[in-house]
> 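The following block contains the structure, expressed as structure tokens.
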Amino acid sequence: MKRNFGTLLKIKINNAYTAIFGVFVVPPIETEQEKIEVTHHDQNSPYRRYIPSGLIDPGEYAFQMRSDRSQTTQQALYTAFKSGSECNFQIVYPDGLTQSFSAYVTGMTYNEADATSPEPVNITVTLAISGDVTDS
């Protein structure tokens, strides 16, 4: 049985995927397919009927990382956020699954700055996935 430890979130920089420094929470990508109601009066059933629309929404994706602005991968995230440019990402799981996708960095939120807290500076990065998520 494989464990989650060792899961990597990578960003493509100069035609190569590099693990984003300091990532400590890598959630799954949650996709959803819209549905269309097709209920009609002569269907001989009181239940609503639905069919898939064929449009899959990969939604937003948020991960957490320890802040270190000196790291190239984190600098690439800040640059993409400020410029609004699309980036390529990969999630590499220890069991061999790799998920690749393109996304825009739409948010970078720092944790609360509490002077009495020993917590490091953490950032929640929000991505808007654009298009297909491919598994390999």
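We're numbering straight along the sequence, starting at 1. Source: prediction; values computed, not measured. Values below: every heavy atom of this structure, side chains too, minus hydrogens, waters and symmetry copies.
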> Assigning hydrophobic clusters by single linkage (Ile, Leu, Val, Met, Phe, Trp, Tyr; side-chain heavy-atom cutoff under 4.5 Å), is F89 placed with V92?
no
> Say whether E86 and S130, considering side chains only, have a donor N or O and an acceptor N or O under 3.5 Å apart.
yes
> For residues R69 and Q74, report the shortest heavy-atom separation together with the two atoms involved.
N-OE1, 3.9 Å
> Answer yes or no: is there a side-chain heavy-atom contact under 4.5 Å between Y61 and V125?
no
> Test side chain to side chain donor-acceptor pair (under 3.5 Å) on D135 and Q99 and set out the steps.
CA-CA 5 Å; D135 295 348; Q99 292 183 304; 3.3 Å; yes
> Could you verify whether a donor N or O on one side chain and an acceptor N or O on the other, from E37 and T39, lie under 3.5 Å apart?
yes
> Are side-chain heavy atoms of M108 and L77 found at a separation under 4.5 Å?
yes
> Taking atom CG of N15 as the centre, report whether more than 12 heavy atoms of other residues, nucleotides or ligands fall under 6.0 Å from it.
no
> Which side-chain N or O atoms in residues 18-35 pair as donor and acceptor under 3.5 Å with protein atoms at least two apart or in another chain?
from : atom 1 : to  : atom 2 : distance (Å)
Q33  : OE1    : G54 : N      : 3.1

> Suppose we screen for ring pair (Phe, Tyr, Trp, His ring centres under 6.0 Å). Which residues come up paired with F81, at least two apart in sequence or across chains?
none
> Kindly work out whether a path of hydrophobic side-chain contacts (I/L/V/M/F/W/Y, heavy atoms less than 4.5 Å apart) joins F63 to Y78.
yes
> Calculate, to the nearest 0.5 Å, the distance between atoms OG and NE2 belonging to S45 and H40 respectively.
9.5 Å
> Is the shortest side-chain heavy-atom distance between R66 and N122 below 4.5 Å?
yes
> Donor-acceptor pairs are to be reported for all side-chain atoms of residues 6-13 against protein atoms at under 3.5 Å, with residues two or more places apart or in another chain.
from : atom 1 : to : atom 2 : distance (Å)
T7   : OG1    : N4 : O      : 2.7

> Roughly how far, to the nearest 0.5 Å, is the OH atom of Y104 from the OG atom of S83?
10.0 Å
> Taking all non-hydrogen atoms of both residues, which atom of G59 and which atom of D57 are closest, and how far apart?
N-OD1, 2.8 Å
> Are V38 and R48 side-chain neighbours, meaning at least one heavy-atom pair lies under 4.5 Å?
no
> Have S70 and D68 got a donor and an acceptor in their side chains that come within less than 3.5 Å?
yes
> Calculate, to the nearest 0.5 Å, the distance between atoms CD1 and CE belonging to I123 and M65 respectively.
4.0 Å
> Given side chains that start at C-beta, do those of N88 and Y17 come closer than 4.5 Å, heavy atoms only?
yes
> When you group the ILVMFWY residues by side-chain heavy-atom contacts below 4.5 Å and let the links chain together, are V133 and I91 in the same group?
yes
> For residues V121 and V105: do they belong to one hydrophobic cluster (side chain heavy atoms under 4.5 Å, members Ile, Leu, Val, Met, Phe, Trp, Tyr)?
yes
